[in-house]
There are 2 protein chains.
Amino acid sequence: MADSANAKPIRTALSGEDGIDLAIIELFFFAYRDFTSDPDLILAKYGFGRAHHRVLYFVNRKPGLTVAELLDVLKITKQSLARVLKQLIDSGHVTQVQGPRDRRQRELYPTARGRTLALALARPQSRRIRAALESSTSTEREGIERFLKAMVNPELRAQIDNLPGNMPGEDHGKQ
Amino acid sequence: MADSANAKPIRTALSGEDGIDLAIIELFFFAYRDFTSDPDLILAKYGFGRAHHRVLYFVNRKPGLTVAELLDVLKITKQSLARVLKQLIDSGHVTQVQGPRDRRQRELYPTARGRTLALALARPQSRRIRAALESSTSTEREGIERFLKAMVNPELRAQIDNLPGNMPGEDHGKQ
DNA sequence: AATTTATGTCAGCCATGTTGACATATTTTT
DNA sequence: AAAAATATGTCAACATGGCTGACATAAATT
């Protein structure tokens with residue numbers, strides 16, 4: 001029924017009484033939106049989008065990963081990846097090396113240019129995080145990290161731990 | 001230069017030494033991805049996407065908001081909004097009411113059906129949050145909320161505070 | 001030798017963002 | 001009252017980045 005018969009407007013606001021954690025739902029929405037807006041400005045100068053950012057990020061984070069591994073992290077199809085990967089290779093940000101054991105594989109590495117761009121993209125995000133944590137104790141930081149990690153599907157947490165410097169329970173003594 | 005001359009692969013992984021907070025950057029990425037995946041499954045049954053979700057969410061969160069206000073929260077163009085809004089109206093999830101003072105305005109309200117769907121979409125997200133906060137103290141929760149809020153651009157924090165039940169510094173005693 | 005696997009590629013579709021132009025009704029200003 | 005500004009709607013065209021399906025190639029495995 002798409003008629004307007006029972007389309008009476010509800011005038012009461014949805015709010016926490018329904019046992020729903022609206023506060024964190026919308027904080028997460030706004031926080032993530034602004035978090036991604038920093039790199040977007042830089043990417044636009046190169047004609048790149050967020051898809052390029054994600055590829056560049058993980059290639060820098062785990063140099064030498066294969067196309068299959070990257071697809072697994074990004075959870076997109078190879079056809080989607082192919083488009084942006086081609087552009088990153090053509091622009092000299094990423095380079096491919098034939099797999100040493102299995103020569104069907106293509107190991108993906110950043111070039112110097114790709115490393116520079118990855119750092120430039122991460123910098124404002126890191127700055128935003130540092131500012132947001134400014135008044136936090138290291139205990140609070142741990143609580144935040146634990147929360148974010150617990151928000152990830154358990155099966156996928158392994159992907160995070162597999163990245164260099166992310167051994168489970170490891171201490172991150174930044175700033 | 002798009003040639004492969006200076007395309008030497010960099011084999012060292014990008015890691016925290018550069019003073020960059022990679023840990024939280026990637027936790028945020030993975031956490032948000034899985035956070036949004038819950039509602040996506042439900043939306044698919046209706047032929048809706050995330051764009052519909054966002055509209056439905058804010059219309060429920062602030063019933064009676066005008067088109068202009070909604071555009072301001074979502075930061076998209078009216079043409080983008082028009083498409084999804086039309087579908088939500090046609091499917092009887094949202095209804096428009098002529099503004100009482102200014103009759104040019106269209107106040108947007110959820111219908112009963114729209115409220116039901118909004119709740120169904122929020123439920124799994126809230127469940128995920130509750131599970132992630134399971135072992136957290138209320139102090140830690142405060143730390144997490146403060147962090148997320150500090151991640152939002154200062155100019156935009158007003159939008160959050162303007163939503164019902166989000167007076168600055170208010171206590172959220174959920175669960 | 002046959003099959004499976006890793007990757008690449010072509011073609012087309014869909015969702016959701018964009019810009020620009022223009023129409024309409026209503027309110028505000030002059 | 002007339003003119004200008006405002007809120008909204010709509011048309012058309014385009015870009016990005018997802019998707020599916022089909023097929024090609026080279027290399028590894030059986």
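Here is the naming used below: chain letters follow the sequence lines, and residue numbers restart at 1 for every chain. Side chains included, hydrogens not; waters and symmetry mates left out as well; all remaining heavy atoms used.
- Using a 4.0 Å cut-off between charged nitrogen and carboxylate oxygen, A/Arg157 and B/Asp34 do not count as a salt-bridge pair.
- As a whole-Å value, the separation of B/Leu85 CG from D/dA7 P is 17 Å.
- Summarising the geometry, the separation between CD on B/Gln87 and C1' on C/dA15 is reported as 9 Å, rounded to the nearest angstrom.
- Residue B/Ser80 places none of its side-chain N or O atoms closer than 4.0 Å to OP1 or OP2 of C/dT16.
- Electrostatic pairing of A/Asp90 and A/Lys86 counts as a salt bridge here, judged by a charged N lying under 4.0 Å from a carboxylate O.
- Taking atom CD1 of residue B/Ile89 and atom P of nucleotide D/dT10, one finds them 9 Å apart after rounding to whole Å.
- When the nearest nucleotides of DNA chain C are assigned to A/Arg83 and A/Gln96 by heavy-atom distance, the more 5′-ward of the two goes with A/Gln96.
- Atom-to-atom, CG of B/Asp72 to C1' of D/dT6 comes out at 15 Å; the value is rounded to the nearest Å.
- Remark: B/Lys62 NZ to B/Tyr57 OH distance equals 13.0 Å, nearest 0.5 Å.
- For the pair A/Arg101 CZ and C/dT5 C1', the computed distance is 17 Å after rounding to whole Å.
- Between B/Lys78 atom NZ and D/dT10 atom C1' there is a gap of 8 Å when expressed in whole angstrom units.
- The residues B/Arg141 and A/Asp21 are annotated as salt-bridged, a charged nitrogen and a carboxylate oxygen being separated by less than 4.0 angstrom.
- Of the side-chain N and O atoms in A/Arg103, none sit less than 4.0 angstrom from OP1 or OP2 of D/dA26.
- For residues 25-59 of chain A, proximity to DNA chain C is found at no residue, defined as any non-hydrogen atom under 4.0 angstrom from a strand atom.
- Of the residues near DNA chain C, B/Gln79 and B/Arg104, the one whose nearest nucleotide (by heavy atom distance) lies more toward the 5' end is B/Gln79.
- Distance, B/Leu81 CG to C/dA15 P: 17 Å, rounded to whole Å.
- Between A/Leu88 atom CG and D/dG17 atom P the separation is 10 Å, expressed in whole Å.
- Across D/dA28, C/dT7, D/dG17, the shortest atom-to-atom separation from the side chain of A/Ala68 is found for C/dT7.
- Here A/Lys75 lies in heavy-atom contact (under 4.0 Å) with sugar-phosphate atoms only.
- For A/Thr77 and D/dG18, the shortest distance from a side-chain N or O to OP1 or OP2 is not below 4.0 Å.
- Between A/Tyr46 and A/Phe48, the ring-plane angle classifies as parallel under the 30° and 60° cut-offs.
- Using cut-offs of 30° and 60° on the angle between ring planes, the pair B/Tyr32 and A/Tyr32 is parallel.
- Note: B/Phe30 and A/Phe58 have tilted aromatic rings, judged against thresholds of 30 and 60 degrees for the angle between ring planes.
- Counting any heavy atom pair closer than 4.0 Å across all strands shown, A/Glu69 reaches no nucleic acid atom.
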